[in-house]
Amino acid sequence: MLIDFFYTLRAAKLPVSVKEYLTLLEALQADVVGPNSDDAFGMDDFYYLSRTALVKDEKHYDKFDRAFAAYFKGVEMLTDFTKEVPLDWLRQVLEKELTPEQKAAIEKMGWDELMETLKKRLEEQKERHEGGSKWIGTGGTSPFGNGGYNPQGIRIGGVGKNKSAVKVWEQRAYKDYDDTQELGTRNIKMALRRLRRFAREGHEDELDLDQTISRTAANAGYLDIKMRPERHNNVKVLLLMDVGGTMDEHIARVEELFSAVKTEFKHLEFYYFHNCVYDFMWKNNRRRFSEKFATWDIIRKYNKDYKLVFVGDATMSPYEILQPGGSVEYNNEEPGAEWLQRLTHAFPKFAWINPEPQGVWQYRQSISVIQQLMSQRMFPLTLKGLEDAMRLLSK
C-alpha cells in the first residue's frame, strides 16, 4: 500500500526520494506509531510521521496534504473498527436551504449589537443546539455558529459556506503559496512581460559577441574577448497576497501566478495578509504570529518606484474593511481601509488582482468597497486582466 502512496506523492510533484521512503518504513518497523488505545490504527499519527519523513520543506506541506487526503480518503472508515468517534459540539448535522425571500427577511444586526448579543448567548446557553434562529449552533438562521445562513454572522467552528461571517472564532492555519509550481502554459509569463524595464547590472558574466568581434578585428585578428552584465528586468514589485479562508478555493491559480512573478521579476518582495491589510503582515504562514512585519515598516522600507500589486478575492464582511476591531482574528485598532489608503499613497503605481470570477463582483459588497479604495484598479486573474494590469503599472 505504501508503495502506491509513494508514487502518489511523486505524481503530485513532491520531491520525495527513495531514501526518505525507506526512512518512513524504518520508522514504522520501529513502532514509532502504531495502534492506539482502542487497537485502531492512528491515522493522524501516521500523517505527522509520514510528513516529517518525506517532506523537507514547509512550502510543500499543502501539496502533501492534498495528496495524502486524495490517497487515504475513506481509509479510516475501512481500517477501524472499534473506535467510536464522538460528535463534535459544532459538527454540522443539519443542512437547511432557504429561499431568497427567507434570506431577505433575516434582519441584519449592527456591529456593536452583534458582539453584545454574542456575549449574552454565551452566558445563557448551556448545551448544543441545532437549527433555529437564536442559539449558537449548526444550521438555521442564527447569526452565531456555522452551517446555516445569516448575512452578517459570527462563525464559531466549522467551515465557511456563505462567506458572510464577520468574525471567525477558531484557530486557523494558513500555508505559504508554492513558488515552484510548474505552469501548464507560458501565457501568464507572457502577460507579465508587459511590465518590463531592462538594464544590465552586476557581474560581467555574459559574452558580448558584437564587441568581441569588433575588438578582435581592430587588433588584427588577435582574439579580444569582451564580457558584459546579464540583461535583467529592472522593475521592482511589492506583492501582497491574501491567504486562507475563501482564498483556499484559488490556491492553484495563485500559485501559478506566484511562480511566474518570481521568474519574471528579479526585484520582488512579497508578504501575506488575511482578507484585508492591517497593521502587520508576514512572510511565512506557519510563523505568522511569531514573525510579524509592521505595515508601517514595510511602507518606509521600500521606495516609491516599487509597483504595488495586491492579490486577493476581496470577499469578506465589509466590517473587516471599514470597522476598527473588524478583523476576524484580532481587535485591530484602525480599519483596514486606512492601511489600504496609506499603502496606495506610498506606492502610486498599484493594482489589485482578483481571482474571483468577474461576474460575481457586483454581488459582493466588500469587492465594491475595495474597488473604490483601489480607484477602480481591480483586475480579474485572467490573461486579459493581467495584461491590462501590467499595462497600467508600466505607464
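Side chain of Asn332 to main chain of Glu334: a donor-acceptor pair is present (N/O by atom type, distance under 3.5 Å, no hydrogens or angles). When atom types are taken as modelled, the side chain of Lys283 and the backbone of Phe270 share a donor-acceptor pair closer than 3.5 angstrom. Within the 3.5 Å criterion, the main-chain N or O of Asp305 finds no donor-acceptor partner in the side chain of Asn303. Side chain of Tyr278 to main chain of Glu320: a donor-acceptor pair is present (N/O by atom type, distance under 3.5 Å, no hydrogens or angles). Thr216 places no side-chain N or O within 3.5 Å of a backbone atom of Ile213 that could act as its donor or acceptor partner. Side-chain atoms of Thr212 come within 3.5 Å of backbone N or O of Lys226 as a donor-acceptor pair. Ser50 places a side-chain N or O within 3.5 Å of a backbone atom of Phe46 that can act as its donor or acceptor partner.
Lys304 NZ: more than 12 foreign heavy atoms inside a 6.0 Å radius. For Leu25, the CG atom sits in a packed shell: over 12 heavy atoms of surrounding residues, nucleotides or ligands are nearer than 6.0 Å.
Rounding to the nearest 0.5 Å gives a distance of 6.5 Å between CD of Glu291 and CG of Asn284. Once rounded to the nearest 0.5 Å, the distance linking CG of Leu308 with OH of Tyr302 reads 12.0 Å. Here Arg288 contributes atom CZ and Glu329 contributes atom CD; the two are 4.5 Å apart, rounded to the nearest 0.5 Å. One distance of note links CD of Glu356 with OG1 of Thr315; it measures 4.0 Å at 0.5 Å rounding. Note that CE of Met316 is 8.5 Å distant from NE2 of His274, once rounded to the nearest 0.5 Å.
Phe5 is listed as a side-chain neighbour of Leu54, based on a closest heavy-atom distance under 4.5 Å. Side-chain contact between Trp282 and Lys292 is absent, with no heavy atoms from C-beta onward closer than 4.5 Å. Taking 4.5 Å as the limit, every side-chain heavy atom of Val235 sits out of range of all side-chain heavy atoms of Leu393. No side-chain heavy atom of Val243 sits less than 4.5 Å from a side-chain heavy atom of Val254. A 4.5 Å side-chain heavy-atom check between Asp297 and Phe280 finds every atom pair outside the cut-off. Side-chain contact check for Pro355 versus Met247: some heavy-atom pair is nearer than 4.5 Å. In this structure, the side chains of Ile298 and Leu238 come closer than 4.5 Å at one or more pairs of heavy atoms.
Annotation: Phe64 is in aromatic contact with Tyr47 [ring centroid separation under 6.0 Å].
By the salt bridge (Lys or Arg N to Asp or Glu O under 4.0 Å) test, Arg215 pairs with Asp224, sequence neighbours left out.
With salt bridges taken as basic N to acidic carboxylate O contacts below 4.0 Å, none links Lys13 and Glu255.
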Could you go through residues 367-383 and list every donor-acceptor pair under 3.5 Å that involves a side-chain atom there, pairing it with any protein atom two or more places apart or in another chain?
from, atom 1, to, atom 2, distance (Å)
Arg377, NH1, Pro348, O, 3.1
Thr382, OG1, Gly385, N, 3.0

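For residues 334-366, the pairs satisfying ring pair (Phe, Tyr, Trp, His ring centres under 6.0 Å) are Trp296-Trp339, Phe310-Trp352, with sequence neighbours left out.
Side chains of Asp313 and Thr246: a donor-acceptor N/O pair is present below 3.5 angstrom, by distance only.
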